[in-house]
Amino acid sequence: MSDPLLQVEGLQVAYGTPAAPVPVVQGVSFTLGLEKLAVVGESGSGKTTVGRALLRLLPSQARVSAQRLRFDGIDLLGAGEREMAALRGSRLSMIMQDPKYSLNPVMNVGSQIGEAVQRVQRMGRGECRSAVEALLERVRIREPQRVAAQFAHQLSGGMGQRVMIAMMLAQRPQLLIADEPTSALDVSVRQEVLALLDELVAEQGLALLFISHDLNLVRHFCDRVLVMYAGRVVESLAAADLHRATHPYTLGLLNSLPSLRHRRAVLPVLQRDPAWSRP
Ligand SMILES: Nc1ncnc2c1ncn2[C@@H]1O[C@H](COP(=O)(O)OP(=O)(O)O)[C@@H](O)[C@H]1O
Ligand SMILES: [Mg+2]
């Protein structure tokens, strides 16, 4: 059997000083193939840090180590900065919660998607413009010409995520890390963006690492779920097996979901146990 696309073994990230370290990711291990893998956990559990560590996009104060951090045979910890930059623009990609921070603020949307198009295949200006408009139409943007001329700050959240997905369609990454891509969106827009992400994954056969705090959402959207608590993976399950979860934190997350069938006056507060934070 060939190796999975992504192998993460014993990933550790700490801030603070070596004498007084503040560990935020503490020995996270998982593999990712052509599937949708969710990383869920409450705010501060280390999800974004894991995603950014894979792209080597953590601030310089972060101390990162791992027994293994391999993407398609490439050692992500040992790779040079230039190799990483090349990977980020092509085979490895990340969508952030707020697309305003992923898009270049001083370049219009059309030019940015155009750059991604040109990186994959050189073409003339007119042809590139048509390709960009076709991509915007693919993500169901109705007035592609108008939107292509806009800048990041002029886009609504949902529109921004559509633009990011159009960019991914052009760039054709093998691994996409989506960090809470729908958390800032209205429920109706959220469903549309999820459906587009789903199409992207199916069509391009890519591996998706989907970061979310919403267990209810990921259990329907993803194949597998890693539950993080205080920098550790406390449980790892097929999404279809979530009803068999055993860790009290996972059960707490499941329990705190509002349900139409079982109405509750007040959502229960998650109970925590210091023992969960020990290895
Ligand atoms: N630059 C930083 N310096 C110090 N601590 C940080 C920094 N970035 C994140 N952290 C801490 O790391 C922990 C995990 O953060 P994060 O990965 O963003 O969590 P999540 O995405 O699950 O909400 C948090 O406690 C956060 O305060
Ligand atoms: Mg986060």
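Whatever order the structure lists ligands and atoms in, that order sets their numbers, starting from 1.
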Exercise. Heavy atom under 4.0 Å from ligand 1: found in Val24's side chain, backbone, both, or neither?
Worked result: side chain
Problem set entry | Pro59, portion touching ligand 1 at heavy-atom distance under 4.0 Å | side chain
Exercise. Is there a heavy atom of Gly41 sitting under 4.0 angstrom from any atom of ligand 1?
Worked result: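 For ligand 1, residue contact (heavy atoms, under 4.0 Å) with Gly41 is absent.
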Exercise. Is the closest heavy atom of His213 to ligand 1 under 4.0 Å?
Worked result: no
Check whether any side-chain heavy atom of [X] lies under 4.5 Å from a side-chain heavy atom of [Y], and answer yes or no.
| X | Y | answer |
| --- | --- | --- |
| Leu87 | Phe71 | yes |
| Phe221 | Asp214 | no |
| Leu253 | Tyr229 | no |

For [atom], what is the closest protein heavy atom, and at what distance to 0.1 Å?
| atom | answer |
| --- | --- |
| atom 22 (O) of ligand 1 | Lys47 NZ, 2.8 Å |
| atom 18 (O) of ligand 1 | Thr48 CB, 3.8 Å |
| atom 19 (O) of ligand 1 | Gly46 N, 3.2 Å |
| atom 8 (N) of ligand 1 | Tyr15 OH, 3.6 Å |
| atom 15 (O) of ligand 1 | Thr49 OG1, 3.7 Å |
| atom 24 (C) of ligand 1 | Gly44 O, 3.8 Å |

For this session: Evaluate the salt bridge (Lys or Arg N to Asp or Glu O under 4.0 Å) criterion for residues Glu192 and Arg162: first the C-alpha distance (whole Å), next the side-chain angles of each, then the deciding distance (0.1 Å), finally the verdict.
Result: CA-CA 9 Å; Glu192 289 173 29; Arg162 280 171 214 266; 2.5 Å; yes
For this session: May I ask whether atom 5 (N) of ligand 1 is less than 4.0 Å from at least one protein heavy atom?
Result: yes
Exercise. Considering all protein heavy atoms, does one lie under 4.0 Å from atom 26 (C) of ligand 1?
Worked result: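 Within 4.0 Å: no protein heavy atom nearby.
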For this session: Give the cluster check for Leu197 versus Met167: same hydrophobic cluster or not, with ILVMFWY residues linked at side-chain heavy-atom distances below 4.5 Å.
Result: yes
For this session: Count the heavy atoms of every other residue, nucleotide or ligand shown that sit under 6.0 Å from CD of Gln145, and state whether that count exceeds 12.
Result: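 Incorrect, the count does not exceed 12.
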For this session: State which residue, out of Val40, Leu194, Val225, fulfils the side chain to side chain contact (heavy atoms under 4.5 Å, CB included) condition with Phe210.
Result: Leu194
For this session: Among Val8, Leu32, Leu92, find the one that has a side chain to side chain contact (heavy atoms under 4.5 Å, CB included) with Leu54.
Result: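 In the set Val8, Leu32, Leu92, the residue that makes a side chain to side chain contact (heavy atoms under 4.5 Å, CB included) with Leu54 is Val8.
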For this session: Check step by step if salt bridge (Lys or Arg N to Asp or Glu O under 4.0 Å) holds for Arg224 and Glu35.
Result: CA-CA 8 Å; Arg224 216 150 47 88; Glu35 59 182 327; 2.9 Å; yes
For this session: For Ser43, take its heavy atoms, then give the atoms of ligand 1 lying under 4.0 Å from any of them.
Result: 23 (O)
For this session: Pull out every atom of ligand 1 sitting under 4.0 Å from any heavy atom of Glu42, numbered as shown with elements.
Result: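 Ligand 1 atoms under the 4.0 Å threshold to Glu42: 22 (O).
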For this session: Please work out whether the ring planes of His247 and Tyr249 are parallel, tilted or perpendicular, with thresholds of 30° and 60°.
Result: perpendicular
Problem set entry | Contact check: Gln61 vs ligand 1, nitrogen or oxygen atoms, below 3.5 angstrom |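 Looking only at distances, the answer is no, because the N/O contact criterion of under 3.5 Å is not met.
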Exercise. Is the distance between the Mg ion (ligand 2) and the nearest N/O/S atom of Thr48 smaller than 2.8 Å?
Worked result: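 Yes.
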